[in-house]
Amino acid sequence: MKFIATATLLALSSVALLADAHISFRYPCPRLGPYSECPQPGDNQWDMVDYDVQSPLGTHDQITDPICKHSASFPGVRPTFQAGQTVSTKMDVDVNHNGGSCQWALSYDNGVTWVVIQDHFQDCMASAPASSTYTVPLTIPANAPSGPAVLNWIWNNNEGNRELYSSCADVVIQGTNGGSLSGVAPLFANYGPSSPLIPERSTYGGNWGKQYFDARPNITIHVPAQKRKRQFVPRN
Ligand SMILES: *[C@@H]1O[C@H](CO)[C@@H](O)[C@H](O)[C@H]1NC(C)=O
């Protein structure tokens, strides 16, 4: 009886997942994601696992979650990326909404300030098969400062509800010790009524929000020198 009940519950939760799920990081690990290869919850943290990690953070009508969705990861080892390295990131794809515009941004102050390090406008994720793990190359700037950082994948989808996605992963960058990084601040469109609206079906000749991306403000962030590499290793 117990087995049957569990199977029914599992089936129900899979349906719920399918209804809500869209795209998130899989590598590097998204904060509180449900992946077995990622940092795992502690004894009293199992209810914190985010089985809905692929869902958007809101629509143009309503903000449902803060940028990054979660403020921290479960304790565990963060991947280290070298400045200048091209990382094969992996996205957990449910549906691709016929693509959209992606921004990848780094923050060294836990999401207070962000610098965009890569853009892919209009058809980003358009060729990602449904229900797949999809590899996307991401190049870390050659002059990126060293230190613990948050990598944020930000996406405005082409089709469907006017949504904003943001999937955050805790990483360590090994680059210039005590440096700065310049670029533009990310655009958070389709994220509450006061945010810019990027309309639907942008790939069919419509407005895909170019004017908003072009207007992103320039930003330079300064990262203090790291005293010892050991301080990057998180405690388990
Ligand atoms: C950012 O800097 C570039 C180059 O200096 C400049 O052309 C551009 O207008 C600036 N963007 C904004 C939004 O101020």
Side-chain angles (χ1 to χ4, degrees), residues 23 25 56-63 65-69 81-87 89 97 99-126 136-159 161-169 171 173-226:
I23 302 182
F25 268 136
L57 303 188
T59 63
H60 191 263
D61 292 332
Q62 192 181 10
I63 294 174
D65 289 292
I67 296 300
C68 278
K69 199 168 182 188
F81 299 151
Q82 306 294 324
Q85 179 187 356
T86 297
V87 180
T89 71
H97 293 283
S101 290
C102 293
Q103 307 166 84
W104 288 262
L106 274 182
S107 174
Y108 290 81
D109 55 11
N110 202 19
V112 179
T113 47
W114 297 100
V115 178
V116 173
I117 59 169
Q118 183 167 294
D119 285 319
H120 182 159
F121 296 134
Q122 299 190 72
D123 63 351
C124 188
M125 304 296 154
V136 180
L138 171 71
T139 300
I140 308 298
N143 64 341
S146 294
V150 189
L151 174 64
N152 189 353
W153 169 76
I154 303 157
W155 186 52
N156 289 114
N157 52 314
N158 275 338
E159 287 185 358
N161 292 339
R162 306 293 66 225
E163 294 163 338
L164 177 76
Y165 293 74
S166 155
S167 187
C168 286
V171 301
I173 305 294
Q174 221 160 57
T176 307
N177 192 28
S180 63
L181 188 62
S182 294
V184 295
L187 169 70
F188 297 114
N190 298 347
Y191 186 55
S194 61
S195 69
L197 173 68
I198 297 177
E200 205 183 7
R201 291 197 175 264
S202 51
T203 52
Y204 297 98
N207 174 358
W208 56 273
K210 181 177 190 302
Q211 75 274 30
Y212 299 125
F213 288 107
D214 286 349
R216 292 175 296 177
N218 292 317
I219 184 171
T220 297
I221 58 168
H222 301 275
V223 181
Q226 308 291 313

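In each ligand, atom 1 is the first atom listed, and ligand 1 is the first ligand listed. Index from 1, following the sequence. Bear in mind the structure is a predicted one, so any value in this text is a computation, not a measurement.
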Check ligand 1 for N or O atoms under 3.5 Å from a protein N or O and list each pair with its distance.
from: ligand 1; atom 1: 2 (O); to: Asn218; atom 2: OD1; distance (Å): 3.4
from: ligand 1; atom 1: 2 (O); to: Asn218; atom 2: ND2; distance (Å): 2.3
from: ligand 1; atom 1: 11 (N); to: Asn218; atom 2: ND2; distance (Å): 3.0

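- No donor-acceptor pair under 3.5 Å is formed between the side chain of Thr59 and the backbone N or O of Glu163.
- Within the 3.5 Å criterion, the main-chain N or O of Ser195 finds a donor-acceptor partner in the side chain of His60.
- Side-chain atoms of Asn152 and Ser166 include a donor-acceptor pair closer than 3.5 Å.
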Give the intermediate values and the outcome of side chain to side chain contact (heavy atoms under 4.5 Å, CB included) for residues Leu181 and Ile117. CA-CA 9 Å; Leu181 188 62; Ile117 59 169; 4.2 Å; yes
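- Residue pairs meeting the salt bridge (Lys or Arg N to Asp or Glu O under 4.0 Å) criterion with at least one member in residues 215-225, sequence neighbours excluded, are Asp119-Arg216.
- With hydrogens and angles disregarded, a donor-acceptor distance shorter than 3.5 Å links the side chain of Asn177 to the backbone of Gln226.
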